[in-house]
2 protein chains.
Amino acid sequence: MVTLLDVAASAGVSRSTVSLVINKSPLVKDETRQRVERAIQELGYVPNPNARGLVKKENKSLGVIIAIEDQPYNTYEFNYETGLYSYNITNGIPVGLANTDYGLLTERFCVSIQGKELPALVKNNRVDGIFLVGGLFTPELIERLKEKKIPIIAIGRYYDQIDSVSTDVTQGVYLGVRYLLDQGYRKICYINCPQIYRSNAERVAGVQKAMREFHLEMKPDWLVYCKHNTGEGGYEAIKRLWQSGARPQAIAAANEPIALGIMRFLYEQDIRIPEDIAIVSYEDSVLGGYAVPALTSVNIQKEYMGELAARIMLKRIRKGQEGELEHIIVEPNLVVRSSVGKC
Amino acid sequence: MVTLLDVAASAGVSRSTVSLVINKSPLVKDETRQRVERAIQELGYVPNPNARGLVKKENKSLGVIIAIEDQPYNTYEFNYETGLYSYNITNGIPVGLANTDYGLLTERFCVSIQGKELPALVKNNRVDGIFLVGGLFTPELIERLKEKKIPIIAIGRYYDQIDSVSTDVTQGVYLGVRYLLDQGYRKICYINCPQIYRSNAERVAGVQKAMREFHLEMKPDWLVYCKHNTGEGGYEAIKRLWQSGARPQAIAAANEPIALGIMRFLYEQDIRIPEDIAIVSYEDSVLGGYAVPALTSVNIQKEYMGELAARIMLKRIRKGQEGELEHIIVEPNLVVRSSVGKC
DNA sequence: CTGAAAGCGCTTACAG
DNA sequence: CTGAAAGCGCTTACAG
């Protein structure tokens with residue numbers, strides 16, 4: 001393995017000089033720098049990350065902590081959550097990290113089971129900062145995380161204790177329902193996430209805001225909650241509604257898994273989308289783009305949230321933990337595909 | 001920050017002894033060990049990974065190199081690849097790494113653009129070994145990778161130069177087509193991947209094996225290739241076939257994106273699945289489980305391939321690079337859902 | 001079974 | 001602008 005010393009010898013300078021060159025210090029004479037750079041090239045020298053990390057007290061790695069409900073169970077089935085939400089968010093992070101040499105380490109963390117411990121990545125001091133994805137983190141856990149004194153950025157959900165990048169849920173839901181109304185639909189039902197989610201109130205507010213603009217009231221029975229954030233959850237919810245005799249012209253779903261559950265039920269009843277009934281979804285994912293028919297959905301910009309979070313992280317690392325918390329709200333936007341017609 | 005020295009002082013031993021305890025050496029007297037362990041507990045000591053890595057010459061990180069066609073472009077649309085293949089494989093790796101303290105770093109690498117360089121993770125010596133996912137790696141690139149002298153395991157595709165975990169494509173495709181035949185379908189068409197894929201021959205072999213068992217011949221016109229591995233690719237392929245007048249009883253698709261493209265075309269024609277036409281897919285993903293109707297598909301066990309690859313990696317790190325290459329073939333299995341009936 | 005000492009490959013004041 | 005020296009926090013022979 002070629003080290004600093006080899007480069008120094010080859011270039012005829014001291015180790016400090018080589019180090020200064022590597023770290024782009026302006027203190028080195030141009031001619032010396034070039035000589036050193038040539039030696040680095042020739043020898044194929046690469047700085048040892050551990051040696052550097054040891055003295056600079058940094059890992060050049062960031063952690064993504066994904067909150068999960070229980071043990072990760074790999075399945076593609078309709079009655080399981082898809083994991084696409086955290087996957088898409090995580091995909092955006094490297095975009096914001098481009099042109100840095102930060103690596104990204106991922107860990108799934110079950111708050112309910114491992115709640116008393118810390119994620120291994122932070123416990124073992126493997127990372128210089130962490131991203132929290134998912135809404136399952138408790139305030140207590142976040143407090144314990146903060147004791148490690150590394151930057152923490154929440155993605156997808158607002159937490160008042162730390163920096164966050166989240167989405168305007170009310171506005172997003174509003175956009176979807178509003179689009180249905182704009183297209184002439186009036187008899188609209190909303191299939192919401194399971195009751196336990198705190199963001200449900202924001203969703204309902206979005207529905208109501210749109211309805212009121214059209215001087216309509218949401219029928220209380222037409223606001224239903226799924227048991228799970230899965231296809232089956234949506235399927236069962238629409239089935240119950242249908243069996244109660246409800247015949248909406250359009251359905252707004254809280255996310256794609258739920259929307260696809262609804263679509264499956266309708267398919268079984270031989271009800272055509274969008275000819276017989278319209279459906280609009282929220283969140284957006286490959287499930288929406290690939291759905292049959294393609295789902296009109298509100299895109300909450302998951303990748304972009306990840307990217308922005310990465311930028312905040314870099315800033316925190318550079319400037320330190322002091323200063324105002326940042327709470328960025330990303331605007332959702334409607335993606336019109338083929339599941340809504342004209343009423 | 002608490003260091004080895006603090007623990008040593010607190011426990012009244014030397015640093016070497018603490019180090020031996022941490023590394024579970026049997027050389028330490030039981031009573032001493034307990035004293036040291038108590039001190040570690042009390043002080044909340046965590047070994048510094050960089051210091052340890054520096055002397056042991058290891059990173060305790062592994063890299064996943066995902067081959068991509070061109071720049072990653074984030075979209076959920078029907079005319080883009082989904083990325084689910086590499087995502088699912090990558091998800092399996094941590095399972096095989098459980099109870100070790102290896103972290104997993106991911107890098108997307110565009111062979112055609114960055115072909116002359118090495119992935120940053122390996123160039124900068126950030127990882128102790130790498131997993132190659134995707135079939136786009138060239139033999140030359142692999143040779144250059146091997147010069148780094150770290151273990152390399154290919155997942156999903158066989159390469160003769162390195163360890164690999166892959167799938168029996170012919171058997172998988174056979175399973176799917178065979179199932180159609182078993183259910184009574186005879187007029188079957190096969191929608192294959194784009195021509196450039198080397199695995200296409202294996203797929204065709206699978207189709208033919210099944211057909212011959214039933215004393216049938218594949219009509220050459222009914223074996224068609226998509227332009228892209230996307231929904232649109234499948235959509236356009238089936239459209240061409242349909243417009244040529246072909247009316248198959250059943251369709252076998254080379255993967256879910258293609259299958260969903262086919263399903264979209266059929267939906268537009270108001271052709272019901274499975275009542276009017278059956279469809280079987282291959283690979284399996286959340287796109288299949290959530291499809292409307294749910295897709296019967298051949299599961300190639302992507303997560304399990306990742307898990308096995310991780311185990312091989314651990315073995316290679318322990319035992320070194322010597323010894324026979326391992327080439328594991330994972331058996332595919334049919335997942336019966338709702339897209340195939342009885343003919 | 002335990003301790004003193006050298007060394008892993010860097011960076012960073014400090015002189016000059 | 002450059003070099004000698006100390007130090008980051010560990011592990012590992014080597015004595016004893």
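Note on naming: letters A, B, ... go to the chains in the order of the sequence lines (proteins, then strands), and numbering restarts at 1 for each one. Please read these numbers as outputs of a predicted model, since none were measured by experiment. Just so you know, these numbers use all the heavy atoms, side chains as well, and skip hydrogens, waters and symmetry mates.
- Listed candidates were dT12(C), dT2(C), dG9(D). Nearest to the side chain of Leu20(B) is dT2(C).
- Taking a pair to require two hydrogen-bonding distances under 3.5 Å in either a Watson-Crick or a G-U wobble arrangement, dA4(D) remains unpaired.
- Closest-nucleotide positions on DNA chain C for Thr32(B) and Val55(B) were compared, and the one nearer the 5' end corresponds to Thr32(B).
- Contact annotation: Thr17(B) reaches the phosphate of dG3(C) (side-chain N/O to OP1 or OP2, under 4.0 Å).
- Between Lys57(B) and the phosphate of dG9(C), there is a side-chain N or O to OP1/OP2 separation shorter than 4.0 Å.
- Of the candidates dC8(C), dG9(C), dT11(C), the closest approach to any side-chain atom of Arg52(A) belongs to dT11(C).
- With dT11(D), dC10(C), dT12(C) as the choices, the nucleotide that has an atom nearest any side-chain atom of Lys56(A) turns out to be dT12(C).
- Protein atom CD of Glu31(B) is 13 Å distant from nucleotide atom C1' of dT2(C), rounded to whole Å.
- At the heavy-atom level, Ser19(B) lies under 4.0 Å from base atoms of the strands shown.
- The minimum heavy-atom distance linking Pro49(B) with Asn59(A) is given by the pair CG-OD1, 4.2 Å.
- By the 4.0 Å N-to-carboxylate-O rule, Arg144(B) lies too far from Glu140(B) to be salt-bridged with it.
- With both pairing distances under 3.5 Å, dA13(D) is matched to nothing as a Watson-Crick or G-U wobble pair.
- dT11(D) atom C1' lies 11 Å from atom CD of Glu58(B), rounded to whole Å.
- The CG-P distance, from Asn48(A) to dC10(D), rounds to 16 Å in whole Å.
- If you take CZ of Arg15(A) and P of dC1(D), they are 23 Å apart, rounded to a whole angstrom.
- Residue Tyr304(B) places its OH atom among 12 or fewer non-hydrogen atoms of other residues, nucleotides or ligands, all under 6.0 Å distant.
- With rounding to whole Å, Lys24(A) atom NZ is found 16 Å from dT11(C) atom C1'.
- Checking dG3(D), dC10(C), dG9(D) against every side-chain atom of Thr3(A), the shortest atom distance belongs to dC10(C).
- Counting any heavy atom pair closer than 4.0 Å across all strands shown, Val46(A) reaches sugar-phosphate atoms only and no base atom.
- Regarding contacts with the backbone of dT2(C), every side-chain N or O of Ser16(B) stays at 4.0 angstrom or more from both OP1 and OP2.
- For Asn23(A) and dT11(C), the shortest distance from a side-chain N or O to OP1 or OP2 is below 4.0 Å.
- Put simply, CG on Asp6(B) is 11 Å from C1' on dG9(D), counting in whole angstrom units.
- Side-chain contact between Phe109(A) and Leu132(A) is absent, with no heavy-atom pair separated by less than 4.5 Å.
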Stepwise, does the salt bridge (Lys or Arg N to Asp or Glu O under 4.0 Å) test hold for Glu31(A) with Arg35(A)? CA-CA 6 Å; Glu31(A) 188 243 302; Arg35(A) 199 143 38 90; 3.2 Å; yes
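- Of the side-chain N and O atoms in Ser14(A), one or more sit less than 4.0 angstrom from OP1 or OP2 of dG3(D).
- The side-chain heavy atoms of Pro139(A) and Gln161(A), taken from C-beta on, include a pair separated by under 4.5 Å.
- Taking atom CG of Leu27(B) as the reference point, atom C1' of dA15(D) lies 14 Å away to the nearest angstrom.
- Residues Gly12(B) and Leu54(A) each lie close to DNA chain C; by heavy-atom proximity, the contact nearer the 5' end of the strand is made by Gly12(B).
- With dT11(C), dC1(D), dA6(C) as the choices, the nucleotide that has an atom nearest any side-chain atom of Lys29(A) turns out to be dC1(D).
- Whole-Å rounding puts the Leu4(B) CG to dG7(D) P distance at 18 Å.
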